[in-house]
Each structure stands twice: as structure tokens, then as C-alpha cells.
Amino acid sequence: MTVEISYRFGFDAAHHFDHFPEGHPNRGMHGHSFHVEVAIEGEPDPATGFVADLGDLEGACGDLRKALDHKVLNDVPGLAKPSLENISIWIWKRLKPRYAALSRVTILRDSAGQSCTYRG
Ligand SMILES: Nc1nc2c(c(=O)[nH]1)N=C([C@H](O)[C@H](O)COP(=O)(O)OP(=O)(O)OP(=O)(O)O)CN2
Ligand SMILES: [Zn+2]
């Protein structure tokens, strides 16, 4: 029986988008609060009952949070264009080698009702 487990974390960060015209609020440096939900799908291991250890996943996400929180996202290596789309892909690339059964990375900007999901 396949189940999906997930872990959610938040971070606050700044970014800017150079493709918007001069004077547009998205062109200048501005900040957001983001939430990220990562999901792993699979069958529970009969020996443990776990698909993956959520404590271990929390640790892996903590490292990513450290790389993003209170940063200018454009300056984070690999995130020159820090859209929701590219942030979700950036997180996927860093978790997938450790979690082969990673099924989804969703990033949400709750305050604006916006989200993006990457499934590989
Ligand atoms: N497809 C995408 N479109 C846009 C993205 C994106 O990541 N993918 N991002 C933006 C900007 O980040 C923009 O700053 C979002 O602004 P807005 O929609 O006005 O949201 P708020 O400023 O209200 O968000 P708060 O965090 O509540 O301040 C634009 N388009
Ligand atoms: Zn923005």
C-alpha cells in the first residue's frame, strides 16, 4: 500500500527580478515569507512502519532552510532567477539524491495565495 509522508518548513528571503520594467515593484529588492512542503511516497518498511524517517527528512530540510533563510535568493548558487518555479526545482535537486522516493516539492507564498509544485 502506497502512502505519502510530508514535511513542511518556512523561510523568509529577499529577491528581485530584472526582467520587470524600471519602477515595477517586482524589479526592486523585496521580501516574502515562503513555506515549502516536501513529500516522499512509498510503501512503509515492514520492519519500521516508516516510508522514510521524518526526523532525518527534517534534518535535510534544515540544511536547505539554512541556505535560503534571510538570504538574497538571487545570490544563492543555482538560484539566479529565484521564481517559485526555480526554488522548487532547486530544492528537488538537493533532496532527490538522498531520497529516491521524493515525489513532490511544493513552495507556497501563502500571503498571496500562490504556489508551485515540482514532481521531477
Ligand atoms: N510564475 C511566477 N510569477 C511570479 C512570481 C513567481 O515566482 N512565479 N513571482 C513574483 C514576485 O515574487 C512578486 O513579488 C510576487 O508579488 P505579489 O504577487 O504581489 O505577491 P505579494 O507581494 O503580495 O506577496 P507578499 O509575500 O504577501 O508580499 C511575481 N510573479
Ligand atoms: Zn517577489
Side-chain angles (χ1 to χ4, degrees):
M1 261 174 302
T2 301
V3 296
E4 183 189 82
I5 59 169
S6 64
Y7 177 71
R8 187 186 260 233
F9 65 98
F11 69 94
D12 299 308
H15 65 179
H16 56 88
F17 289 109
D18 300 340
H19 66 279
F20 283 96
E22 280 299 338
H24 193 289
N26 292 349
R27 184 180 175 92
M29 187 78 77
H30 62 278
H32 299 286
S33 291
F34 298 91
H35 284 98
V36 176
E37 187 170 279
V38 302
I40 297 176
E41 202 172 63
E43 298 211 2
D45 182 333
T48 61
F50 294 175
V51 171
D53 181 6
L54 280 163
D56 185 67
L57 181 60
E58 185 178 339
C61 289
D63 293 340
L64 298 181
R65 183 179 186 277
K66 218 177 290 175
L68 300 171
D69 191 43
H70 286 86
K71 296 287 174 3
V72 174
L73 297 176
N74 305 67
D75 296 342
V76 173
L79 265 185
K81 307 283 181 197
S83 61
L84 294 176
E85 292 89 330
N86 284 339
I87 302 168
S88 62
I89 294 167
W90 185 94
I91 292 169
W92 175 280
K93 283 184 178 164
R94 281 150 187 82
L95 286 179
K96 187 69 177 170
R98 190 155 160 186
Y99 296 99
L102 185 69
S103 54
R104 176 171 62 83
V105 173
T106 297
I107 180 159
L108 306 102
R109 197 154 40 213
D110 288 322
S111 57
Q114 300 167 347
S115 71
C116 174
T117 296
Y118 184 62
R119 294 190 175 86

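Indexing begins at 1, ligand by ligand and atom by atom, following the structure's order. What's counted below: heavy atoms across the whole structure, side chains too, no hydrogens, waters or symmetry copies.
For ligand 1 and L84, the ligand atoms under 4.0 Å from any heavy atom of the residue are 6 (C), 7 (O). With ligand atoms numbered from 1 in the order given, ligand 1 contributes 1 (N), 2 (C), 6 (C), 7 (O), 8 (N) to contacts under 4.0 Å with heavy atoms of E85. With ligand atoms numbered from 1 in the order given, ligand 1 contributes 25 (P), 26 (O), 27 (O) to contacts under 4.0 Å with heavy atoms of S111. Residue contact check: A112 has heavy atoms under 4.0 Å from atoms 20 (O), 24 (O) of ligand 1.
For the pair R27 (side chain) and P21 (backbone), a donor-acceptor distance under 3.5 Å is absent. The closest donor-acceptor contact from the side chain of K71 to the backbone of H15 lies at 3.5 Å or more, if one exists at all. Distance alone, capped at 3.5 Å, places no donor-acceptor pair between the D45 side chain and the V51 backbone. Between the Y99 side chain and the A52 main chain, no donor and acceptor come within less than 3.5 Å of each other. A donor-acceptor pair under 3.5 Å is formed between the side chain of H24 and the backbone N or O of N26. Of the possible donor and acceptor atoms, none in the side chain of R98 sits under 3.5 Å from a partner among the backbone N and O of R94.
The closest non-hydrogen atom to atom 24 (O) of ligand 1, taken over H16, H15, H32, comes from H32.
Counting only heavy atoms of the protein, atom 11 (C) of ligand 1 lies nearest to F17 CE1, 3.7 Å. Shortest contact from atom 15 (C) of ligand 1 to any protein heavy atom: R109 NH2, 3.7 Å. At the shortest separation from atom 18 (O) of ligand 1 among protein heavy atoms lies Q114 NE2, 2.7 Å. Nearest protein heavy-atom contact of atom 30 (N) of ligand 1 is N26 ND2, 4.6 Å. Nearest non-hydrogen protein atom to atom 14 (O) of ligand 1 is H30 NE2, 2.8 Å.
The atom name of the N/O/S atom in H15 closest to the Zn ion (ligand 2) is NE2. H32 has its closest N, O or S atom to the Zn ion (ligand 2) at the position named NE2.
The two atoms that bring A39 and L102 nearest to each other are O-CD1, 3.3 Å, heavy atoms only. Closest of all the heavy-atom pairs between S103 and E4 is OG-OE2, 3.7 Å.
For atom 8 (N) of ligand 1, the protein comes within 4.0 Å by at least one heavy atom. Distances from atom 27 (O) of ligand 1 to the protein include at least one heavy-atom value under 4.0 Å. For atom 20 (O) of ligand 1, a protein heavy-atom neighbour is found at a distance under 4.0 Å.
Taking the six-membered ring for Trp and the full ring otherwise, the centers of H16 and H30 sit at least 6.0 Å from each other.
Judged purely by distance below 3.5 Å, without hydrogens or angles, the side chains of T106 and R104 pair a donor atom with an acceptor atom.
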